[in-house]
Amino acid sequence: MEFELITSVEGSRARAGVLSTDHGEIETPIFMPVGTAGSVKGIHTRDLKEDIKAQIILGNTYHLYLRPGIDVIEKAGGLHKFNRWDRPILTDSGGYQVFSLGDIRKLSEEGARFQSHIDGSYHMFTPESVMDIQRSIGADIIMAFDECTPGDADYQYAKKSLELTQRWMERCFTQFNKTQPKYDYKQSLFPIVQGNTYADLRKAAVAHVKNFDADGFAIGGLSVGEPEEEMYEMTEVATADLPENKPRYLMGVGTPVNILESIDRGVDMFDCVMPTRNGRNGMLFTSEGTINIRNKKWENDHSPIDKNGTSFVDQYSKAYLRHLIISNEMLGAQIASQHNLAFYLWLVKMARQKIIEGNFLSWKKEMILKLKERL
RNA sequence: GGGAAGAUACCGAAGCGGUCAAACGGGGCAGACUGUAAAUCUGUUGGCUCAGCCUUCGUAGGUUCGAAUCCUGCUCUUCCCA
């Protein structure tokens, strides 16, 4: 995998680049729609590609391992063939489930013992097994197995957790290096910077991940309950010391404003469930501000969802979408998700263009004012 | 024509003498959602000069210290018999 840095901005860490994989190029900064169980909820790959203009999507190791199961994905010939997405894929390792499945998981030096959220059955994930599973799923970018700590973790816990994550990371790379791809294209393993909200831990984490000969680096353990300002600070601490010539992926972030602020701080890649989940729940992100489409004020607003929107669904009216969402019609969730994803992809594309043109900072300032509007 | 059951807040439906402005569900209104245990969750839903007061349980009276709850008339609804 190659990463070419095109340009950067004076007075900012923002950069534009091109990441090349065997499934095609990714123009950074980029937003990656989340497709946990092998599907970006409610969206066909045709719309992802042609309408939303997604360049890379996510999958999740834990979810795909439980269902449909790794043998099914192997027999399909890998996730790309299974879900008919021929562009790059990134799989998360299950590290986030270590955090979100809190009560039904137990950590040890060896790994994490999970109880399936589907049927309660017990499963063991180790750094080694997670590498093997991700070889079988066959994503272009795969993630190290880490512990994602909650935003309010105390220093002692954060330190212990980071050390465990670091030992797991060594084992991930060892396993990764002694195995081969199962399909006819390369895979890259990204290590993850943890350290919670403690700058010294983050710095140590960055120093540690730089020891690996990785194609890119992730910043994890943020947007998990800590104040937004701390998230930005930790992002900066990380990007300040990460190699310039490799992509940086801020995991799980975030709101449109979070993304612009983080691009400014030197992040190249993002993913978040927000455009799809919040879309399903009636929240729309637009260039004019945020809309709760369920609110009565849209009942008779027959203007387009987003008159400047790039997706064909943006021409549906607010009143119609409100009706669909309120009536719990599947199409409502689909339209809202598609709109939000198209908006996210438009936003990062604009950011990239402004970086290249050299006026990213002034555009960002203006854009954030609009994004904070509540319509 | 005779008999039976019933009428409760936006809708459905509990309550059957005081702890009832009235359970619960739906609907309505609003909020949350950040590497997806989420097409989910939370709050609210008579009015006001809001730790208190006012008006509500078909309608008009009555019994009682006290009535959505008991009695009587009326109106309407459903069912059964002719």
Side-chain angles (χ1 to χ4, degrees), chain A residues 31-43 56-64 66-67 90-105 114-121 130 134 139 141-151 165 190-194 218-228 231-232 235 249-259 261-262 267 269-285 290 292-299 322 324-337 340 344 374:
Chain A
F31 178 79
M32 309 182 281
V34 177
T36 307
S39 95
V40 176
K41 291 190 194 300
I43 309 291
I56 169 172
I57 63 172
L58 259 68
N60 184 280
T61 303
Y62 166 82
H63 292 266
L64 291 169
L66 286 182
R67 214 164 44 184
L90 180 153
T91 40
D92 185 28
S93 63
Y96 187 75
Q97 281 63 44
V98 168
F99 160 71
S100 68
L101 262 42
D103 312 333
I104 50 175
R105 141 244 104 161
F114 287 103
Q115 229 178 324
S116 160
H117 68 279
I118 299 163
D119 64 4
S121 55
V130 165
Q134 291 187 100
I141 300 173
I142 71 175
M143 302 305 300
F145 191 51
D146 63 338
E147 182 188 5
C148 179
T149 53
T165 287
F190 283 19
I192 303 171
V193 173
Q194 287 290 347
I219 303 164
L222 292 175
S223 64
V224 282
E226 78 284 2
E228 220 163 52
M231 174 174 92
Y232 293 141
T235 301
Y249 163 31
L250 179 55
M251 306 183 79
V253 174
T255 65
V257 172
N258 290 163
I259 288 174
E261 291 291 6
S262 304
V267 175
M269 302 164 72
F270 301 89
D271 79 284
C272 191
V273 304
M274 201 171 264
T276 42
R277 180 189 289 168
N278 289 30
R280 283 198 301 283
N281 294 331
M283 185 172 184
L284 302 184
F285 300 99
T290 306
N292 182 346
I293 200 67
R294 295 193 323 253
N295 288 174
K296 195 173 185 66
K297 60 180 155 192
W298 310 115
E299 187 176 37
R322 175 178 193 268
L324 293 178
I325 295 269
I326 280 185
S327 309
N328 211 15
E329 284 289 329
M330 285 185 285
L331 184 59
Q334 291 173 354
I335 290 173
S337 299
N340 279 347
Y344 267 62
R374 194 81 200 210

Take A:Thr91 and A:Gln134 through the side chain to side chain donor-acceptor pair (under 3.5 Å) test and state the conclusion after the steps.
CA-CA 7 Å; A:Thr91 40; A:Gln134 291 187 100; 2.9 Å; yes
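At a threshold of 4.0 angstrom between heavy atoms, the contacts of A:Gln334 with the nucleic acid are absent. At a threshold of 4.0 angstrom between heavy atoms, the contacts of A:Asn328 are confined to the sugar-phosphate backbone, with no base atom among them. Using a 4.0 Å heavy-atom distance criterion, A:Met143 is classed as making no nucleic acid contact. Residue contacts shown for A:Ile192 include a base, since a base heavy atom lies under 4.0 Å away. Within the nucleic acid shown, A:Asn258 comes within 4.0 Å of at least one base atom, counting heavy atoms only. Among the protein residues, A:Thr276 comes within range of the nucleic acid bases, having at least one heavy atom under 4.0 Å from a base atom. Among the atoms of the strands shown, none is found under 4.0 Å from any heavy atom of A:Gly42. At a threshold of 4.0 angstrom between heavy atoms, the contacts of A:Gln97 are confined to the sugar-phosphate backbone, with no base atom among them.
Nucleotides B:G2 and B:G12 place their P atoms 30 Å apart, quoted to the nearest Å. Here the separation of B:A23 from B:A9, taken at their P atoms, is 12 Å to the nearest Å. With P as the reference atom, B:A13 and B:A32 are 36 Å apart, rounded to whole Å. For the P atoms, the distance linking B:C10 with B:G47 amounts to 10 Å, nearest Å. Taking atom C1' on both nucleotides, B:U55 is separated from B:A22 by 14 Å, rounded to a whole Å. B:A21 sits 12 Å from B:U8 when the C1' atoms are compared, rounded to a whole Å. Atom name P, nucleotides B:C80 and B:C11: the rounded distance is 27 Å, in whole Å. To the nearest whole angstrom, the two P atoms, one in B:A67 and one in B:A60, are 16 Å apart.
The partner of B:A5 is B:U77, judged by Watson-Crick or G-U wobble contacts that both fall below 3.5 Å. The partner of B:C70 is B:G62, judged by Watson-Crick or G-U wobble contacts that both fall below 3.5 Å. With a cut-off of 3.5 Å on both Watson-Crick or G-U wobble distances, the partner of B:U55 is given as none. In this structure, B:A23 makes no Watson-Crick or G-U wobble pair, since no nucleotide meets both defining distances under 3.5 angstrom.
Here the straight-line distance linking atom CD of A:Glu299 with atom CZ of A:Arg294 works out to 14.5 Å at 0.5 Å rounding. Here the CD-OG1 distance, from A:Gln97 to A:Thr61, works out to 8.5 Å after rounding to the nearest 0.5 Å. Interatomic distance, A:Ser116 OG to A:Arg105 CZ, rounded to the nearest 0.5 Å: 16.0 Å.
The residue among A:Gly95 and A:Arg280 whose nearest nucleotide of RNA chain B lies closer to the 5′ end is A:Gly95. Nearer to the 5' terminus of RNA chain B, by closest-nucleotide assignment, is the contact made by A:Ser93 (compared with the other of A:Ser93 and A:Ala333).
Atom CD1 of A:Ile118 and atom C1' of B:A38 are 14 Å apart (whole Å). B:C33 atom C1' lies 17 Å from atom CD1 of A:Ile293, rounded to whole Å. Rounded to whole Å, atom P of B:G35 lies 7 Å from atom CE of A:Met274. Atom-to-atom, CZ of A:Phe31 to C1' of B:G35 comes out at 11 Å; the value is rounded to the nearest Å. One interatomic measurement links the two molecules: OH of A:Tyr249 to C1' of B:U34, which rounds to 11 Å at whole-angstrom precision. The CD1 atom of A:Ile57 sits 15 Å away from the P atom of B:G35 (whole-angstrom rounding). The interatomic distance linking A:Arg277 (CZ) with B:A39 (C1') rounds to 12 Å, in whole Å. Between the C1' atom of B:A37 and the CG atom of A:Asp92 lies a distance of 15 Å, rounded to the nearest Å.
Residues satisfying the ring pair (Phe, Tyr, Trp, His ring centres under 6.0 Å) criterion with A:Phe99, sequence neighbours excluded, are A:Tyr96. Under the rule for a side chain to side chain contact (heavy atoms under 4.5 Å, CB included), the partners of A:Leu331 that lie at least two apart in sequence or sit in another chain are A:Tyr320, A:Leu324, A:Gln334, A:Ile335. Shown here are the salt bridge (charged side-chain N to carboxylate O under 4.0 Å, His left out) partners of A:Glu228, two or more places apart in sequence or in another chain: there are none. Applying the salt bridge (charged side-chain N to carboxylate O under 4.0 Å, His left out) criterion to A:Glu261, with sequence neighbours excluded, gives A:Arg265, A:Lys364. When the ring pair (Phe, Tyr, Trp, His ring centres under 6.0 Å) test is applied to A:Phe285, the partners found at least two apart in sequence or on another chain are A:Tyr344. A:Lys297 meets the side chain to side chain contact (heavy atoms under 4.5 Å, CB included) test with A:Asn295; sequence neighbours excluded.
Between B:A39, B:U34, B:G35, one nucleotide has an atom nearer to the side chain of A:Lys41 than all others, and that is B:A39. In this structure, the nucleotide among B:A38, B:G35, B:U34 sitting nearest to the side chain of A:Ser223 is B:U34.
Distances shorter than 4.0 Å separate some side-chain N or O of A:Ser100 from OP1 or OP2 on B:A37.
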Tabulate atom names and distances for all N/O pairs under 3.5 angstrom spanning the protein and nucleotides 42-47 of chain B.
none

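Each of A:Ile56, A:Ile57, A:Asp271 was evaluated against A:Leu90; a single residue qualifies, A:Ile56, per the side chain to side chain contact (heavy atoms under 4.5 Å, CB included) test.
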For residues 272-280 of chain A, which side-chain N or O atoms pair as donor and acceptor with protein atoms under 3.5 Å away, sequence neighbours left out?
residue: A:Thr276; atom: OG1; partner: A:Val273; partner atom: O; Å: 3.0

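The base of B:G35 lies outside donor-acceptor range of the side chain of A:Asn60, with no N or O pair under 3.5 Å.
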Its contact letters, B for base, S for sugar-phosphate only and - for none at protein heavy atoms under 4.0 Å, make nucleotides 26-32 of chain B read --SSSBB
